[in-house]
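Quantities reported herein were computed from a predicted structural model and do not represent experimental measurements. Note on naming: letters A, B, ... go to the chains in the order of the sequence lines (proteins, then strands), and numbering restarts at 1 for each one.
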Number of protein chains: 2
Amino acid sequence: MKISSAESVIMEALWRKTPLTSEAIIAEVGEPNGWTEGTVKQLISRLLKKKAIAAQPDGRRYLYSPLLARRDYVQAESQGLLDRLFDGRLAPLVTQFSEGGKLSDEDVAELKALVERISK
Amino acid sequence: MKISSAESVIMEALWRKTPLTSEAIIAEVGEPNGWTEGTVKQLISRLLKKKAIAAQPDGRRYLYSPLLARRDYVQAESQGLLDRLFDGRLAPLVTQFSEGGKLSDEDVAELKALVERISK
DNA sequence: CTCGATCGATGACGTTTGTCAACAATGGCG
DNA sequence: CGCCATTGTTGACAAACGTCATCGATCGAG
């Protein structure tokens, strides 16, 4: 099942720290996003329905944990973008940022080191 | 205005070849996506409303052209993904693909050459 | 035991998206 | 000149999304 943009904010909170109660999630993402308690609860419910997170009983409340690994999510999202926009190739994406002047010197240095290491 | 996933297929067709009549667009994207003529027409209308494309009269029909440059679209989408998932940094994205075993030798070679050139 | 606070479940509602079909205008063919 | 085909405009409708409030169960305090 597909995870929506608002839902992914909840996922990110759970990936940062797991498990969390709904109260903690609300505290974590409510304020920054201007969401009421009801909104966050609804997002949690939808994530449960989508089997993206699990709820384990803890007294009278639940502790929520991700069922979907962040790595897998990120991998799928990235691959999707690459396929849709760059014909599945990574180099053109890097070129895009480079030409857009979006690469800091540090970015370039990091990339350089990274590529060196990979190609060893 | 945001361009939806289905709409972007129309955009891609127009970026490939511009301008196109609706008939040509339908021929281009209808079949591969299993869309009827009505569906494609609706997508064209919405893109017009979103000012993502323009229509110039040509006899009794229109010729459609993108108003949004592919480069800008791709840049925005890529930046968005990077910000959302990689804290705005490019190197971690490359790492992600590398660790996922998603990089072919050719990819690595390309990247290497690219980084060399950029860092000169 | 009773009452109030808390928590999850659910209903609600407007907007966007995906998908089509129906209709109206219009131009060309016979 | 009248009819048909083509093209754009609109209406439709279900599903997903963003957002929020209400309701019912339940647990703990008094």
Side-chain angles (χ1 to χ4, degrees), chain A residues 1-14 19-68 73 76-77 80-81 84, chain B residues 1-14 18-68 73 76-77 80 84:
Chain A
M1 201 80 78
K2 195 78 183 68
I3 290 174
S4 82
S5 162
E7 287 159 4
S8 78
V9 174
I10 311 289
M11 295 303 293
E12 288 290 349
L14 286 175
L20 291 179
T21 64
S22 67
E23 190 194 2
I25 298 179
I26 292 167
E28 189 81 14
V29 308
E31 178 65 33
N33 294 88
W35 289 338
T36 70
E37 171 188 327
T39 299
V40 178
K41 284 183 183 178
Q42 177 64 283
L43 292 174
I44 292 174
S45 291
R46 289 183 182 164
L47 284 170
L48 277 171
K49 188 158 308 166
K50 291 184 181 183
K51 304 262 203 271
I53 66 178
Q56 70 180 118
D58 173 61
R60 49 184 272 71
R61 42 173 85 187
Y62 283 123
L63 288 180
Y64 299 97
S65 323
L67 284 181
L68 175 63
Y73 173 74
E77 291 284 308
L81 181 108
R84 278 194 307 115
Chain B
M1 200 82 79
K2 193 79 182 69
I3 288 173
S4 83
S5 162
E7 287 159 3
S8 79
V9 174
I10 310 289
M11 295 303 292
E12 288 291 349
L14 286 175
T18 298
L20 291 178
T21 64
S22 69
E23 190 194 2
I25 297 178
I26 292 167
E28 190 80 15
V29 308
E31 178 66 32
N33 293 88
W35 289 338
T36 70
E37 170 189 329
T39 299
V40 178
K41 285 181 183 178
Q42 176 64 284
L43 292 174
I44 292 175
S45 291
R46 289 180 182 167
L47 284 170
L48 277 171
K49 188 160 307 168
K50 292 183 180 182
K51 304 262 203 269
I53 65 178
Q56 70 180 118
D58 173 61
R60 48 183 276 73
R61 43 172 84 185
Y62 283 121
L63 289 181
Y64 299 97
S65 322
L67 283 181
L68 174 64
Y73 174 73
E77 291 285 307
R84 276 194 309 116

In whole Å, what is the span from the [atom1] atom of [X] to the [atom2] atom of [N]?
X	N	atom1	atom2	value
Q42(A)	dA9(C)	CD	P	11 Å
E37(A)	dT10(C)	CD	C1'	15 Å
I44(B)	dG18(C)	CD1	P	15 Å
K41(B)	dA21(C)	NZ	P	11 Å
W35(B)	dT17(C)	CH2	P	13 Å
E23(A)	dG8(C)	CD	P	9 Å
Y64(A)	dG8(C)	OH	C1'	6 Å

Q.
Quick check: on DNA chain C, is the nucleotide nearest K50(B) upstream (toward 5') of the one nearest G34(B), or the reverse? Name the residue that is more 5'.
A. K50(B)
Please tell me if [X] has a side-chain N or O lying less than 4.0 Å from either OP1 or OP2 of [N].
X	N	result
S22(A)	dG8(C)	yes
R61(A)	dC7(C)	yes
S5(B)	dT17(C)	no
T36(B)	dT19(C)	no

Q) Going by heavy atoms in the side chains, are T21(B) and L63(B) under 4.5 Å from each other? A) yes
Q) Does some side-chain heavy atom of Q56(A) sit less than 4.5 Å from a side-chain heavy atom of S65(A)? A)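 Counting from C-beta outward, S65(A) and Q56(A) do come under 4.5 Å.
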Q. Touch check for T21(B), heavy atoms < 4.0 angstrom, all strands: base, sugar-phosphate only, or nothing?
A.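 The residue T21(B) makes no contact with any strand.
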Q: Taking heavy atoms of chain B and a 4.0 Å limit, find me the 5'-most and 3'-most nucleotide of DNA chain D within that range.
A: dT6(D) to dA12(D)
Q | Per Y62(A) side chain, nearest of listed nucleotides dT10(C), dC20(C), dG8(C) | A |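 For Y62(A), the side-chain atoms sit closest to dG8(C).
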Q: Name the closest nucleotide to the S45(A) side chain, picking from dT17(C), dC20(C), dT10(C).
A: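 The listed nucleotide nearest to S45(A)'s side chain is dT10(C).
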**Q.** Pair listing, salt bridge (Lys or Arg N to Asp or Glu O under 4.0 Å) test, anchored in residues 44-53 of chain B, at least two apart
**A.**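 Every salt bridge (Lys or Arg N to Asp or Glu O under 4.0 Å) pair that includes a residue of residues 44-53 of chain B, provided the two are not neighbours, is E7(B)-K50(B).
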Q. Does any N or O donor sit under 3.5 Å from an N or O acceptor when you compare the side chain of R46(A) with the base of dT10(C)?
A. no
**Q.** Closest heavy-atom pair and its distance - I44(B), S22(B)
**A.** CD1-CB, 4.0 Å
